Amino acid sequence: MTNSMKTIHINTASPYDVHIGSGLLNSMGQLLPERILKAAAAGGKAVLITDTNVESLYGERVCTALAGLGFHVLKTVIPAGEEAKSGEQYLRLLSFMASERVSRSDVIFALGGGVVGDLSGFLAATYQRGIDFVQLPTTLLAAVDSSVGGKTAINLPEGKNLAGAFKQPACVIMDTDTLETLDASVFADGCAEVIKYGMIWDGELFEVLQNHVLTEPEQRKNTALLTDVISRCVDIKREIVIQDELDKGIRNILNFGHTVGHSIEKNSGFEISHGRAVAMGMAIITEAAEKAGICQAGIGEELRDLLTGYGLPVEAPFTVEDLLEGMLSDKKIEGQKINLIVPQQIGCCIIRRMSVSNAQRMLAGEA
Ligand code: GLY
């Protein structure tokens, strides 16, 4: 554990800490909350869920650390990739836990990115009506978004995240060293979510990201910078989530770029990754908002320049009609109204509820 570790307390109905810093996977005994350490000392079970990529990198280390705390470790590995966030894996893991006689006083540890975290969280929310789980995110996207805030889910054949629950983790431990082994394109995907925080909430963060391009090799090794940037994002998420834990109002703002982005992912048959689709979605909606006079002139270009500098795309290979069609199947559509998150300037977005036809006009640059 280093001196530069940051801890952010998330004061939701079930509160918890998010620890961010270098070397934290080696310090879990000092970071886990008392009730988890008690479960370990009592010889409880730790169900360690990870994927085929992360297992070979950090599986052994985490197993050893958990066993050292007193846990009886049950490791289970899912295939890497979005396909594993399925009903099939969910049922397999429920059966695995039942057959191993995992009880309500045992703990799930999710070691990996968003897929591992979302699936493990949904298991924790539903196995025996709820058991504790700890998030150990190993991707930038999971660090700044999916591991914090308690959204858990699996995908259905009909769409992404259609079955899920709100379940806050007992603790989040983000070891920034794990980001070193991330593939460059997966790291850049996470940067799209980081840029989102700059756009929706924190103009100063946007400037930091302009001055220090995180995807450049020397910045990727800059642990202090990464810890600072991730902490800023988590702190923004904290501020939003404590106001609207169940996503009925302001939390929607975290979906900036996502309504169009989800449609892009869907239209591409999920060939375009989430981060890249969100980057395109943010650029498209900002340009449309600028044309509609909602957003200050020049912001679209500034955002496009930043995204491009991070190697992220800003144009989608689909028509407005294709995009709208995909947007209509988003689970956030209510009736014929759509909530679009629209920037006014850097660091400030608003939620605009509009008819589908107005959204179409706006995206076509006619409103
Ligand atoms: N990922 C958006 C949210 O947590 O609300």
Side-chain angles (χ1 to χ4, degrees), residues 4 6 8 10 18-22 113-114 117 135 137-149 151 172 174-241 251 253-258 260-261 272-283 285-286 299 302-314 341 343 345-349:
S4 57
K6 299 252 166 86
I8 295 167
I10 313 279
V18 180
H19 304 286
I20 303 145
S22 167
Q135 290 266 23
T138 60
T139 65
L140 183 58
L141 195 139
V144 298
D145 186 32
S146 58
S147 68
V148 180
K151 279 191 182 175
V172 181
M174 195 310 103
D175 185 336
T176 52
D177 296 351
T178 62
L179 301 179
E180 278 171 26
T181 49
L182 267 191
D183 180 78
S185 104
V186 177
F187 184 82
D189 261 352
C191 289
E193 293 284 350
V194 174
I195 291 169
K196 176 194 81 177
Y197 285 105
M199 280 297 290
I200 62 168
W201 207 264
D202 186 351
E204 237 178 72
L205 172 63
F206 193 92
E207 252 181 71
V208 169
L209 300 172
Q210 285 175 316
N211 295 333
H212 307 272
V213 178
L214 301 184
T215 46
E216 284 173 356
E218 72 271 25
Q219 306 298 5
R220 278 200 62 173
K221 288 193 218 109
N222 187 342
T223 305
L225 174 69
L226 288 175
T227 300
D228 183 56
V229 166
I230 294 168
S231 306
R232 286 175 93 133
C233 296
V234 171
D235 201 43
I236 294 168
K237 187 148 188 188
R238 175 197 63 76
E239 218 172 315
I240 294 170
V241 166
R251 187 164 176 172
I253 215 164
L254 292 167
N255 281 322
F256 172 54
H258 283 61
V260 176
I272 297 178
S273 66
H274 179 71
R276 279 162 173 74
V278 167
M280 294 174 194
M282 291 192 292
I285 204 75
T286 304
I299 304 298
E302 217 173 323
L303 173 62
R304 276 197 305 278
D305 285 350
L306 185 63
L307 292 167
T308 309
Y310 277 71
L312 291 164
V314 293
I341 317 307
Q345 53 185 298
I346 290 167
C348 180
C349 283

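These numbers come from a predicted model, not from an experiment.
Atom CG in Leu209 sits 5.5 Å away from atom CG in Leu214 (nearest 0.5 Å). The distance from the CD1 atom of Ile346 to the CD1 atom of Ile195 is 11.0 Å, given to the nearest 0.5 Å. Here CZ of Arg304 is found 13.0 Å from CE of Met282. Values are rounded to the nearest 0.5 Å. Taking CD1 of Ile341 as the start and SG of Cys349 as the end, the distance is 7.5 Å to the nearest 0.5 Å.
Between Leu140 and Ile230, some side-chain heavy-atom pair lies under the 4.5 Å cut-off. Between Asp145 and Tyr197 there is a side-chain heavy-atom pair separated by less than 4.5 Å. A heavy-atom distance below 4.5 Å is found between the side chains of Thr286 and Phe256. Side-chain contact between Met199 and Ile299 is present, with at least one heavy-atom pair separated by less than 4.5 Å. Counting heavy atoms from C-beta outward, Lys196 and Val144 have side chains that stay 4.5 Å or more apart. Put simply, the side chain of Lys237 reaches to within 4.5 Å of the side chain of Arg251, judged on heavy atoms. Between Leu312 and Val314, every side-chain heavy-atom pair lies at or beyond the 4.5 Å cut-off. Within the 4.5 Å cutoff, the side chain of Leu179 has heavy atoms near those of the Met174 side chain.
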Could you go through residues 201-208 and list every donor-acceptor pair under 3.5 Å that involves a side-chain atom there, pairing it with any protein atom two or more places apart or in another chain?
{"from": "Asp202", "atom 1": "OD1", "to": "Glu204", "atom 2": "N", "distance (Å)": "3.1"}
{"from": "Asp202", "atom 1": "OD1", "to": "Leu205", "atom 2": "N", "distance (Å)": "3.0"}
{"from": "Asp202", "atom 1": "OD2", "to": "Arg232", "atom 2": "NE", "distance (Å)": "3.4"}
{"from": "Glu204", "atom 1": "OE1", "to": "Arg232", "atom 2": "NH2", "distance (Å)": "3.2"}

Would you mind writing out the side-chain donor-acceptor pairs for residues 183-191 within the sub-3.5 Å range, not counting sequence neighbours?
{"from": "Asp183", "atom 1": "OD2", "to": "Ser185", "atom 2": "N", "distance (Å)": "3.2"}
{"from": "Asp183", "atom 1": "OD2", "to": "Ser185", "atom 2": "OG", "distance (Å)": "3.3"}
{"from": "Asp189", "atom 1": "OD1", "to": "Ser273", "atom 2": "OG", "distance (Å)": "2.8"}
{"from": "Asp189", "atom 1": "OD1", "to": "Arg276", "atom 2": "N", "distance (Å)": "3.1"}
{"from": "Asp189", "atom 1": "OD1", "to": "Arg276", "atom 2": "NH1", "distance (Å)": "2.8"}
{"from": "Asp189", "atom 1": "OD2", "to": "Ser273", "atom 2": "OG", "distance (Å)": "3.0"}

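Heavy-atom minimum distance, Pro137 versus Ala142: CB-CB, 3.7 Å. The two residues Thr139 and Gly114 make their nearest non-hydrogen contact at OG1-N, 4.3 Å. Heavy atoms only, all atoms of each residue included: Val213 and Gln219 are closest at O-CG, 3.1 Å. Nearest heavy-atom pair, Ser147 versus Ala143, reported as atom, atom and distance to 0.1 Å: OG-O, 3.8 Å.
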ask   = Going through the distances and angles, do Asp175 and Thr138 end up as a side chain to side chain contact (heavy atoms under 4.5 Å, CB included)?
value = CA-CA 7 Å; Asp175 185 336; Thr138 60; over 6 Å; no
query = Yes or no on side chain to side chain contact (heavy atoms under 4.5 Å, CB included) for His274 and His258, after CA distance, side-chain angles and deciding distance?
reply = CA-CA 9 Å; His274 179 71; His258 283 61; 3.5 Å; yes
inquiry  = The test is side chain to side chain contact (heavy atoms under 4.5 Å, CB included); show your working for Thr215 and Arg220 and say whether it passes.
reply    = CA-CA 6 Å; Thr215 46; Arg220 278 200 62 173; 5.6 Å; no
inquiry  = Assess the residue pair Leu307 and Asp305 against the criterion (side chain to side chain contact (heavy atoms under 4.5 Å, CB included)); give the C-alpha distance rounded to whole Å, side-chain angles, the decisive distance to 0.1 Å, and a yes or no.
reply    = CA-CA 6 Å; Leu307 292 167; Asp305 285 350; over 6 Å; no
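Of the listed residues (Thr223, Leu225, Val229), just one forms a side-chain contact (heavy atoms from CB on, under 4.5 Å) with Thr227, and that residue is Thr223.
Remark: the backbone N or O of Asp177 is not paired with any side-chain donor or acceptor of Ser22 at under 3.5 angstrom.
Between Lys6 and Asp235 there is no salt bridge, since no side-chain nitrogen of the basic residue lies less than 4.0 Å from a carboxylate oxygen of the acidic one.
Judged as a side chain to side chain donor-acceptor pair (under 3.5 Å), and not counting sequence neighbours, the contacts of Thr181 are Tyr58.
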